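A short worksheet on the structure shown next.
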Amino acid sequence: MPELPEVENTVNDLREAGITGSRITAVTVTWSRTVGGDSDAFCSQLHGRKLQTVTRRGKFIVLIFDGDLVGLLHLRMSGRLSIEASETLSGAYDRVTLALDSGKTDSGTPESGRELRFHDPRKFGRFLLYSSADADQVLSRLGVEPLDRKAFSLEVLSRQLKGRRRRIKPLLLDQRVVAGLGNIYADESLWEAGIHPARSAASLQQGEIGALVAAIPRVLERALAAGGTSLGKGQSNYRLPSGRSSKGQNGLQVYGRAGAACSQCGGSIARSMLAQRSTHYCPRCQPEARIRGVLLDMDGTMIETERILIGSFQQAAAEWGLHLAYEDLLATIGKTAEVSREILREMLGEVVSFERCSKRAEELAMEAIALQGIARRPGLDEFLDELNRQGIPHAVATSTHRREAEYMLTQAGIRDRFSTVVCGDEVSNGKPAPEIYQRAAAQLGLEARDCLAIEDSEPGIRAAAAAGAHAVLIPDLVQPSSRARFVAARVCATLAEVTALLREGALLYTP
DNA sequence: CGCGCAGCCTGTCCGC
DNA sequence: TGCGGACAGGCTGCGC
């Protein structure tokens, strides 16, 4: 049950209750395994000791007694401590009870006897005694304290994660790595850092580790301030020793919220099993992004056809005496085919039909291409080289019809770099419908959600996102709309930037 | 090294 | 209402 904030609150509550300085006058154990199997040894060791200090390390409550005796108390799933007057009836789940002498309060008034009771329905909790040297040895196996600002740094966590192929969530739950995180706060922290729980630790970028280093203390401090997290109302629920209530559960963003809306993106919180623990996350804010293939748009993404097409259309219109502004034509880029057709139709007015003009424009474009070829967009060659180097299959996913696409790819000198090309005339619904991307992924033998899709236009990025691909937007001639930015998983300035991410492994999150 | 699984325990909740 | 199964905030040990 309890994680670091609940344990910390418990410790604080014990301190406030003023039990330090008390002497143990009687010890009762009703479940011997709680104390390591030998109740008699436990009782006789504790009897007559004076409790000197109560502290916490990770999820352990550390009770320091006089005479080199240290109690390490772990609440595990359902453990709870309470301080009660001796005459209070003992509960059915009290596994260990320490009677404390009537110490003096600050004012010097004698108190009636009190008892520290270890209540633990599920019996997983442990209360073991050690010499201080042995206790140190046990505690030394724990990882860094996440609330220790100095100790819990980017460098320290980076070192812990470096080269480890283990998934990040089980790693965070490993007390040897970070001491005190449990299932709730591991999920919450990963959500806050925007990291998918199944990402391999080694795949995390410095920036992501930085986000985690910031998120973990934030999440824990918030829970601490709220008095811990208490779920449900049953016997095994967390309560403070004093019986005060906690309300940290109200601040949870993902834990126990499967199916509910993510407060950041409105998407649905998912729940799955990871390392036998239920795991909650937002698939949109915490993308897994297992990139197994890359799908590339053609016009504007790989080759500079948009400029040629605009120029040709302008030239064609001029043959009918119409002088269209380059900027106005530019505005048709990034619209769906239907919308841009309507805009162009309006520009041409009664002078010439859209069909005639675009047919002429196409001829002119082909002439221009035949004459000058088509330029590849900067960084394309290096990007394709990198894909080949890493053995990542890739395909073209274009709205352009087969005949023109083949011609343009050939003229641009990249036709032989693709064995898979899906064209607009081969699907029933063009972009922004997801069909082109779905088909391209299928032809690579993949699912679109395992693919990176690279696009320059809004309909394209919408198609890619709708197919479930990890959609990267590289704006070409027009500034991306806010909607395009919203659906894109990432916006990059150039293909070179994507190549760099690919080299770093930032787009290749191994599960 | 990292994963999955069983085990340790009892209570609660959900569907039938 | 009863009954079986899934699941619960933790951690360990084992086999692959």
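Side chains included, hydrogens not; waters and symmetry mates left out as well; all remaining heavy atoms used. Bear in mind the structure is a predicted one, so any value in this text is a computation, not a measurement.
- Put simply, A:R167 has a side-chain N or O that comes within less than 4.0 Å of OP1 or OP2 on B:dG4.
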remark   = Note, DNA chain C 5' to 3' with Watson-Crick or G-U pairs under 3.5 Å encoded as ( ), [ ], | and . gives .|||||||.|||||||

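- Atom-to-atom, CG of A:L81 to C1' of C:dG9 comes out at 15 Å; the value is rounded to the nearest Å.
- Going from the C1' atom of B:dT10 to that of C:dG13 covers 22 Å, rounded to whole Å.
- One interatomic measurement links the two molecules: CG of A:L75 to P of B:dC9, which rounds to 17 Å at whole-angstrom precision.
- The shortest distance between the side-chain N/O atoms of A:H74 and the OP1/OP2 oxygens of C:dC11 is below 4.0 Å.
- Heavy atoms of A:R176 sit nowhere under 4.0 angstrom from any nucleic acid atom.
- Looking at A:R292, its side chain never comes within 3.5 Å of a backbone N or O of A:A448 through a donor-acceptor pair.
- When the side-chain nitrogen and oxygen atoms of A:K59 are compared with OP1 and OP2 of C:dC11, one or more of them lie within a distance under 4.0 Å.
- With rounding to whole Å, A:K169 atom NZ is found 13 Å from B:dG4 atom P.
- Separating the CZ atom of A:R199 from the P atom of B:dG2 is a distance of 16 Å, rounded to the nearest angstrom.
- In this structure, A:M77 atom CE and B:dT12 atom C1' are separated by 13 Å, rounded to whole Å.
- Contact annotation for A:Q276: base contact, defined as any heavy-atom pair under 4.0 Å involving a base atom.
- Counting non-hydrogen atoms of neighbouring residues, nucleotides and ligands closer than 6.0 angstrom, the CZ atom of A:R218 exceeds 12 such neighbours.
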request  = Take A:D68 and A:S131, measure what side-chain hydrogen bond (donor to acceptor under 3.5 Å, both in side chains) needs, and give me the verdict at the end.
outcome  = CA-CA 6 Å; A:D68 194 39; A:S131 68; 4.6 Å; no

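- A:R257 places a side-chain N or O within donor-acceptor distance of the main-chain N or O of A:Q253, the cut-off being under 3.5 Å.
- At whole-Å resolution of the value, NE2 in A:H280 and P in C:dA8 are 7 Å apart.
- Between A:R23 and A:D66, at least one side-chain N (NZ, or NE/NH1/NH2) sits under 4.0 Å from a carboxylate O, which counts as a salt bridge.
- Put simply, A:R166 has a side-chain N or O that comes within less than 4.0 Å of OP1 or OP2 on B:dC3.
- When all heavy atoms of A:V396 and A:A440 are compared, the pair lying nearest together is O-CB, 4.3 Å.
- Note on A:Y185: nothing from the nucleic acid sits closer than 4.0 angstrom, heavy atoms only.
- For the pair A:L73 CG and C:dC11 C1', the computed distance is 15 Å after rounding to whole Å.
- Here, B:dC1 and C:dG10 have their P atoms 23 Å apart, quoted to the whole Å.
- Atom CG of A:D120 is separated from atom C1' of C:dC11 by 13 Å (rounded to the nearest Å).
- For the segment residues 122-133 of chain A, the set of residues with a heavy atom within less than 4.0 Å of an atom of DNA chain B comprises A:R122, A:K123, A:F124, in numerical order.
- Comparing B:dC9 with C:dG4, their P atoms are spaced 22 Å from each other, to the whole Å.
- Of the listed nucleotides (B:dG2, C:dG9, C:dT12), B:dG2 has the atom at the smallest distance from the side chain of A:R164.
- Contact check for A:L181 versus A:L220: side-chain heavy atoms found under the 4.5 Å cut-off.
- Checking the phosphate oxygens (OP1, OP2) of C:dG10, no side-chain nitrogen or oxygen of A:Q175 falls inside 4.0 Å.
- Counting heavy atoms from C-beta outward, A:L295 and A:L444 have side chains that approach closer than 4.5 Å.
- Residue A:R271 places at least one side-chain N or O closer than 4.0 Å to OP1 or OP2 of C:dA8.
- Comparing C:dA6 with B:dC5, their P atoms sit 14 Å apart, to the nearest whole Å.
- For A:R33 and B:dC8, the shortest distance from a side-chain N or O to OP1 or OP2 is not below 4.0 Å.
- Phosphate proximity of C:dA8 to A:S278: present, with a side-chain N or O under 4.0 Å from OP1 or OP2.
- Other residues, nucleotides and ligands contribute more than 12 heavy atoms inside 6.0 Å of the CZ atom of A:R15.
- Between A:I216 and A:L172, some side-chain heavy-atom pair lies under the 4.5 Å cut-off.
- In terms of phosphate contacts, A:R277 brings a side-chain nitrogen or oxygen within less than 4.0 Å of OP1 or OP2 of C:dG10.
- With A:D187 as the partner, the side-chain hydrogen bond (donor to acceptor under 3.5 Å, both in side chains) test is satisfied by one option alone out of A:H280, A:Q286, A:R277: A:H280.
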